[in-house]
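Here it is, the structure in full.
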Amino acid sequence: MNRKSREARLRRRRYTLIRNTMIIVLVILLSSLAGLLIYQKNEANSAQQTKKEASVKKTTSKKVNTIKKVPKQTTESYINKDVQRGKNTATEENHKTNGLAICMYHYIYDKNNPPKEKLNNNYIEVHALEEELKYLTENNYYFPTWSEVRQYVDGELLLPKKSVVLSFDDGTYNFLDLGVPLFEKYKIPVTSFLIGTKEGEKKVKKYASEYMTFQSHSYNMHRGGGNIGHGGIFPALSHDEAVNDLEKSIQLTGNNDAFAYPFGDYTDSCVKAVKDAGFKCAVTTEYGRVKPGDQPLLLPRIRMLKDQSLKSFINLVE
């Protein structure tokens, strides 16, 4: 083999070696690049998932932090259901058919320490009231909320045979001082229809209880000035004046579930004002049981009298 042939073979070998080396290097570079791209994609996906989870967590946390804490005196819509005695066991075959009794109380006194003012039929002795509450507790009565009362009236809800609503008008100190401890003792929810101008703000703060909700008896309409019924001023006010008063009472109590007409006086314009203020229910002083189909803003009640016996009470609520 001559010299030129050997040099040619060496050049070919050198070329082949360089080519193979470059191919190997290229494969390694492409593999590394592919690995890097895959790694970056995984990192991007991971970062996106982490960001998404953080966003969800932040949103959830934000929702939790913005939930308003409901004060004890807020609407009975917020009452813990454990406060209600028993459960709504009504069925199509077994439910209340003779109408729901909404009991109307006013003032409470203690015979061992009677008040100086003359006692009228709107007073009930504290021990007599305790007998009534004890009876309701021992007989597993159900106490529907005002929202449930509205559903019952609208024909959307059945109530157990043993159902009753307890309401106390005016929110006087004798009622609050003597009544609240009993409601808490027997764990029975009641409604206090509060007059705003009669130290309403002070009472709402001082007597807050999970067993009693303050509802509106108007802010400043429990006074004379009208010319119908008992002479309450509500029917004599303009629509705007009445609505403004009602909205102020809602702001004070924190509730718009129920309203009690001052002195029981009302006209069609009064009912419209109550509706426009946003109340679910309203009660009068007219005697009777609440039944499906009744006007939800003109519900009757059963007045509780001073010297009624326990037997009479039972007959009134059964």
Side-chain angles (χ1 to χ4, degrees), residues 75-77 79 81 83-106 122 124 132-133 135-136 139-170 188-194 212-218 229 246 255-268 270-275 277-305 308 312-318:
T75 74
E76 97 299 83
S77 300
I79 284 183
K81 286 295 181 180
V83 173
Q84 312 257 134
R85 299 294 306 183
K87 297 180 179 179
N88 187 340
T89 56
T91 64
E92 289 288 348
E93 296 76 24
N94 187 11
H95 60 274
K96 201 163 191 64
T97 57
N98 62 338
L100 173 69
I102 299 180
C103 299
M104 178 177 63
Y105 296 87
H106 282 79
N122 284 332
I124 184 169
E132 295 174 0
L133 299 180
Y135 170 82
L136 296 176
N139 287 272
N140 298 312
Y141 264 74
Y142 182 73
F143 303 92
T145 65
W146 288 107
S147 293
E148 290 173 322
V149 171
R150 178 60 186 260
Q151 288 179 287
Y152 172 74
V153 171
D154 289 344
E156 300 172 356
L157 178 73
L158 297 176
L159 292 175
K161 287 184 176 180
K162 293 182 177 180
S163 296
V164 68
V165 175
L166 305 182
S167 67
F168 291 77
D169 287 10
D170 300 347
I188 290 179
V190 305
T191 293
S192 171
F193 286 115
L194 187 67
M212 181 182 65
T213 54
F214 290 106
Q215 301 287 347
S216 174
H217 202 18
S218 83
L246 295 172
N255 301 311
N256 65 343
D257 291 311
F259 171 75
Y261 293 95
F263 306 111
D265 295 341
Y266 67 88
T267 61
D268 289 344
C270 294
V271 177
K272 187 177 187 307
V274 172
K275 180 180 180 180
F279 286 97
K280 296 185 181 75
C281 299
V283 295
T284 68
T285 57
E286 295 170 9
Y287 184 89
R289 289 173 176 266
V290 174
K291 296 183 179 180
D294 283 352
Q295 221 289 27
L297 299 182
L298 290 174
L299 299 178
R301 289 188 287 176
I302 296 178
R303 186 183 293 270
M304 300 288 108
L305 300 176
Q308 68 187 20
S312 296
F313 171 76
I314 295 171
N315 290 333
L316 290 172
V317 301
E318 280 187 343

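All residue numbers in this chain count up from 1 along the given sequence.
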Whether His95 side chain and Leu158 backbone form a donor-acceptor pair below 3.5 Å
no

Report the distance from atom CD of Glu132 to atom CG of Leu316, rounding to the nearest 0.5 Å.
9.0 Å

Considering residues at least two apart in sequence or located in another chain, which fulfil the side chain to side chain contact (heavy atoms under 4.5 Å, CB included) criterion with Pro160?
Asn88, Thr89, Ala90, Tyr142, Ser163

Quick one: does Gln215's side chain have a donor or acceptor within less than 3.5 Å of a partner on Ala258's backbone?
yes

In terms of heavy-atom contacts, Gly99 and Tyr152 come closest through CA-OH, 3.7 Å

Asn139: partners by side chain to side chain contact (heavy atoms under 4.5 Å, CB included), with sequence neighbours left out:
Tyr135, Tyr141, Lys162

Do the charged groups of Lys272 and Asp268 touch, with an N to O distance under 4.0 Å?
no

Checking side-chain contact (heavy atoms from CB on, under 4.5 Å) for the pair Cys281/Asp257: CA distance, chi angles, key distance, verdict?
CA-CA 6 Å; Cys281 299; Asp257 291 311; over 6 Å; no

Donor-acceptor contact below 3.5 Å, side chain Thr284 vs main chain Gly264
no

Mind checking side chain to side chain contact (heavy atoms under 4.5 Å, CB included) for Lys291 and listing every partner two or more places apart, or none if nothing turns up?
Asp294

Could you tell me the separation between the CE atom of Met104 and the CD atom of Glu286, rounded to the nearest 0.5 Å?
10.5 Å

Closest heavy-atom pair and its distance - Leu166, Leu136
CD1-CD1, 4.0 Å

Closest approach of Gly278 to Asn256 (non-hydrogen atoms, all atoms of both residues):
O-ND2, 3.1 Å

Below 4.5 Å, heavy atoms only, C-beta onward: do Cys270 and Thr267 meet side chain to side chain?
yes

Restricting to salt bridge (Lys or Arg N to Asp or Glu O under 4.0 Å), what partner residues turn up for Lys161, sequence neighbours left out?
none

Could you tell me which non-hydrogen atom of Ser218 sits nearest to which non-hydrogen atom of Phe259, and how far apart they are?
N-CE1, 3.6 Å

Derivation and outcome, side-chain contact (heavy atoms from CB on, under 4.5 Å), residues His217 and Leu194
CA-CA 5 Å; His217 202 18; Leu194 187 67; 5.6 Å; no

Taking atom types as modelled, find out whether His106 and Asp170 have a side-chain donor-acceptor pair closer than 3.5 angstrom.
no

Looking at residues at least two apart in the chain, or sitting in another chain, which of them share a ring-ring contact (aromatic ring centres under 6.0 Å, His included) with Phe263?
His222

Just to verify, what does Ser192 make a side chain to side chain donor-acceptor pair (under 3.5 Å) with, not counting sequence neighbours?
none

Scan side-chain atoms only and decide if Arg301 and Ser167 contain a donor-acceptor pair under the 3.5 Å cut-off.
yes

Can you check whether Leu305's main-chain N or O pairs, donor with acceptor, with Gln308's side chain at less than 3.5 Å?
yes

Any side-chain heavy-atom pair of Leu299 and Val149 under 4.5 Å:
yes

Measure the NZ-CG distance between Lys280 and Asp154 for me, rounded to the nearest 0.5 Å.
12.0 Å

Can you sort out the partners of Tyr105 under ring-ring contact (aromatic ring centres under 6.0 Å, His included), two or more places apart, ordered by chain and number?
Phe168

Tyr266 meets the ring-ring contact (aromatic ring centres under 6.0 Å, His included) criterion, sequence neighbours left out, with Tyr261

Across all chains, not counting sequence neighbours, the side chain to side chain contact (heavy atoms under 4.5 Å, CB included) partners of Arg289 are Lys96, Asn98, Ala101, Ile302

Do Pro300 and Val290 make a side-chain contact, defined as non-hydrogen atoms from C-beta onward lying under 4.5 Å apart?
yes

If you take all heavy atoms of Pro144 and Val165, which pair is closest and at what distance?
CG-CG2, 3.8 Å

Smallest separation among heavy atoms of Ile102 and Trp146, with atom names
CD1-CZ3, 4.0 Å

How many angstroms lie between OG in Ser216 and CG in Leu246, if you round to the nearest 0.5 Å?
5.5 Å

At what distance, to the nearest 0.5 angstrom, does CZ of Phe279 lie from CZ of Arg150?
13.0 Å

